[in-house]
Amino acid sequence: MAEIKAETTQQHRLSVPEPDVSDQKLPKPKRVASLDIFRGLTVALMIFVDDAGGEWPMIAHAPWNGCNLADFVMPFFLFIVGMSIALALKRIPDQPAAIKKVILRTLKLLFWGLLLQGGYSHAPDKLTYGVDMKEIRWCGILQRIALAYLVVALVEVFSRNAQAEDLAPRWFSIFKLYAWHWMVGAGVVVVYFAVIYGTYVPAWQFTVHDKDSINYGKSFNVACSVRGKLDPPCNAVGYIDRKVLGINHMYHHPAWRRSRACTENSPYEGPFRKDAPSWCYAPFEPEGVISSISAILSTIIGVHFGHVLVHLKGHPERLKHWVMMGFALLISGIILHFTHAIPLNKQLYTLSYVCVTSGAAALVFSAFYVMVDIWNFRYLFLPLEWIGMNAMLVYVMAAEGIFAGFINGWYYDDPRNTLIHWIQKHIFIGVWRSRRVGILLYVIFAEILFWGIVSGILHRLGIYWKL
């Protein structure tokens, strides 16, 4: 977690604690409250869109091109990871120790990612666990975060000797100081464009392995034989994933199943159309290999904002840099999308998507920084701050449904007759006489606010789950 020590001067200078060679113990650095709140908001958004998105598809992931509320969650996480890298690694002056910390944290993220999203956990809907290794899902949210964290953190560690303590007053000086980060970012863009526009995608076929599907065991053919397409069936991102990961190890319920081409209930889930194209039945990995390489850009932008927090001394200087860059990214992404140059697409993690979501992250964080660190309205966001201070715990227990699965394991007479089902039916849906409104309020109060309170209690007890 990112921590800083701020001097109580008018300009709120940021100092990074150095190792103490004396017997005097350094005071514990203060946390960046606005970053904790932003992290808490992102976890809360994930719970909100995952658990209410079924009834409110306009907040769920866009079926293909476009950007709904759910599509901001992953880039926000990666942006926050980048900011945390810039702040946390500054406090580890020893390079081998920093590398060890980065590698261990990467391995922990990979372990939890495979355990939670690889198919082993069936929570909260099924009271079973276990996964067939022939169909384990190799990629996921934490795995993508692990890759981005590993690459950007190692760049931060190995380029440390080229970074000066004092920054020249020119606006672009901070870009020059961290040139290696932007060189890596440029390399990511070049590789990504070369792959998605230069890779030839042949025709392919697949067999449905989802045992819950009525088409289980049925084979389909998809005609492609093209290059540079960004449509669902014939993009290079999916082709690379099928070759590298194997189609059996990809996500079996992609968002494109809610597209108009696949179902008449679009944007809701529903039975496939009779004339639905064959690719509607296929798996697709939204956190795949090439899209995860592109996602490194979100973390590089985040680490840049962390560098601004470290090097620029006053609130006006920081906010000017953040807001100008945020709007520049946001406008650039919108222009790329609406000129049909590069569509906004979370599944492919396109450059326009990186720009729009990173620009939005910059502006949201800047708003929190103003309200919390300048205007001292911190108390308004305490539940989000508490969630942000125990983000991993809330992610595992709430967003991944582990706690709900535990509660569902204690049922009466019928596995569907659980405490959670009773609360939803009688307290929320029954009172409002609407399933859509009831589920929405249940998620807000019985999940997000509940975990905000739990996180607050754990904070008072000094209990945190850190990787």
Side-chain angles (χ1 to χ4, degrees), residues 46 60-68 70-79 81-82 106 109-110 113-114 117-118 137-152 184-199 201 204 224 227-247 249-257 259 279 282-302 333 336-337 341-358 360-361:
M46 173 174 279
H61 290 294
W64 194 245
N65 289 338
C67 198
N68 294 348
D71 298 310
F72 287 91
V73 173
M74 173 58 79
F76 280 14
F77 271 128
L78 294 172
F79 181 92
V81 167
T106 299
L109 286 167
L110 289 173
L114 286 174
Q117 291 196 302
R137 184 185 174 199
W138 295 118
C139 297
I141 294 171
L142 293 181
Q143 294 94 312
R144 171 171 284 178
I145 292 175
L147 173 64
Y149 172 78
L150 176 66
V151 172
V152 178
V184 171
V188 167
V189 173
V190 170
V191 170
Y192 179 76
F193 278 162
V195 171
I196 66 169
Y197 290 114
T199 302
V201 181
W204 52 286
C224 286
R227 193 188 311 270
K229 290 286 186 180
L230 300 182
D231 56 0
C234 300
N235 61 81
V237 171
Y239 171 68
I240 297 296
D241 287 340
R242 291 190 293 272
K243 289 297 182 182
V244 175
L245 304 174
I247 197 167
H249 300 283
M250 295 166 64
Y251 186 52
H252 290 284
H253 304 282
W256 73 29
R257 293 190 169 201
S259 65
W279 53 264
F284 184 84
E285 184 50 70
E287 281 84 37
V289 177
I290 301 302
S291 57
S292 291
I293 291 176
S294 177
I296 294 172
L297 287 171
S298 296
T299 307
I300 291 176
I301 295 171
L336 287 172
H337 177 72
I342 303 175
L344 280 168
N345 192 296
K346 188 264 182 187
Q347 319 296 323
L348 304 179
Y349 222 98
T350 56
L351 182 60
S352 58
Y353 173 73
V354 172
C355 290
V356 167
T357 54
S358 297

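Quantities reported herein were computed from a predicted structural model and do not represent experimental measurements.
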Show your working on side chain to side chain contact (heavy atoms under 4.5 Å, CB included) between Glu285 and His249 and close with a plain yes or no.
-> CA-CA 9 Å; Glu285 184 50 70; His249 300 283; over 6 Å; no

TODO: Could you walk me through whether Gln117 and Ile141 pass side chain to side chain contact (heavy atoms under 4.5 Å, CB included), step by step?
DONE: CA-CA 8 Å; Gln117 291 196 302; Ile141 294 171; 3.5 Å; yes

- prompt: After noting the C-alpha distance and the side-chain angles of Ile247 and Trp204, does the key distance pass the side chain to side chain contact (heavy atoms under 4.5 Å, CB included) rule?
  reply: CA-CA 11 Å; Ile247 197 167; Trp204 52 286; 3.9 Å; yes

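Between Ala148 and Thr299, the shortest heavy-atom distance links the atoms CB-OG1, 3.3 Å. Contact detail for His61 and Ala255: the closest heavy-atom pair is CB-CB, 4.2 Å. Contact detail for Trp256 and Trp279: the closest heavy-atom pair is CZ2-O, 3.3 Å. Closest approach of Tyr251 and Pro286 over heavy atoms only: CB-CD, 3.7 Å. Here the closest non-hydrogen pair linking Cys67 and Ala62 is N-CB, 4.2 Å. In plain terms, the two heavy atoms of Arg227 and Thr199 that are nearest each other are CG-O, 3.4 Å.
The CG atom of Leu109 sits 10.0 Å away from atom CG of Leu150, with the distance rounded to the nearest 0.5 Å. From Ile296, atom CD1 reaches atom OH of Tyr192 across 12.5 Å, with rounding to the nearest 0.5 Å. Separating the CE atom in Met74 from the OH atom in Tyr353 is a distance of 8.0 Å, to the nearest 0.5 Å. With rounding to the nearest 0.5 angstrom, the CG atom of Asn65 is 8.0 Å from the CG atom of Leu344.
By the side-chain hydrogen bond (donor to acceptor under 3.5 Å, both in side chains) test, Asn68 pairs with no residue at all, sequence neighbours left out. In this structure Ala60 satisfies the side-chain contact (heavy atoms from CB on, under 4.5 Å) test together with Arg258, sequence neighbours excluded.
In this structure the side chain of Tyr349 never reaches within 4.5 angstrom of the side chain of Ile290, judged on heavy atoms. Within the 4.5 Å cutoff, side-chain heavy atoms of Tyr149 are placed close to those of Thr106. Residues Asn235 and Val201 have side chains not in contact (no heavy-atom distance under 4.5 Å, counting atoms from C-beta outward). Using a 4.5 Å cut-off on side-chain heavy atoms (C-beta onward), Trp138 and Leu114 make contact. Side chains of Phe193 and Leu351 form a contact here, defined as non-hydrogen atoms less than 4.5 Å apart. Counting only heavy atoms from C-beta outward, the side chains of Leu348 and Ser291 never approach each other to under 4.5 Å. At a threshold of 4.5 Å between non-hydrogen side-chain atoms, the residues Phe79 and Ile301 count as touching.
Of the possible polar contacts, none joining the Arg242 side chain to the Pro283 backbone as a donor-acceptor pair under 3.5 Å is found. Looking at Thr357, its side chain never comes within 3.5 Å of a backbone N or O of Phe72 through a donor-acceptor pair. No donor-acceptor distance shorter than 3.5 angstrom exists from the side chain of Arg144 to the backbone of Leu78, with no hydrogens or angles considered. Under a 3.5 Å cut-off, the side chain of Glu287 and the backbone N or O of Gln143 do not form any donor-acceptor pair. Between the side chain of Trp64 and the backbone N or O of Gln347, no donor-acceptor pair lies under 3.5 Å. Between the side chain of Thr350 and the backbone N or O of Asn345, at least one donor-acceptor pair lies under 3.5 Å.
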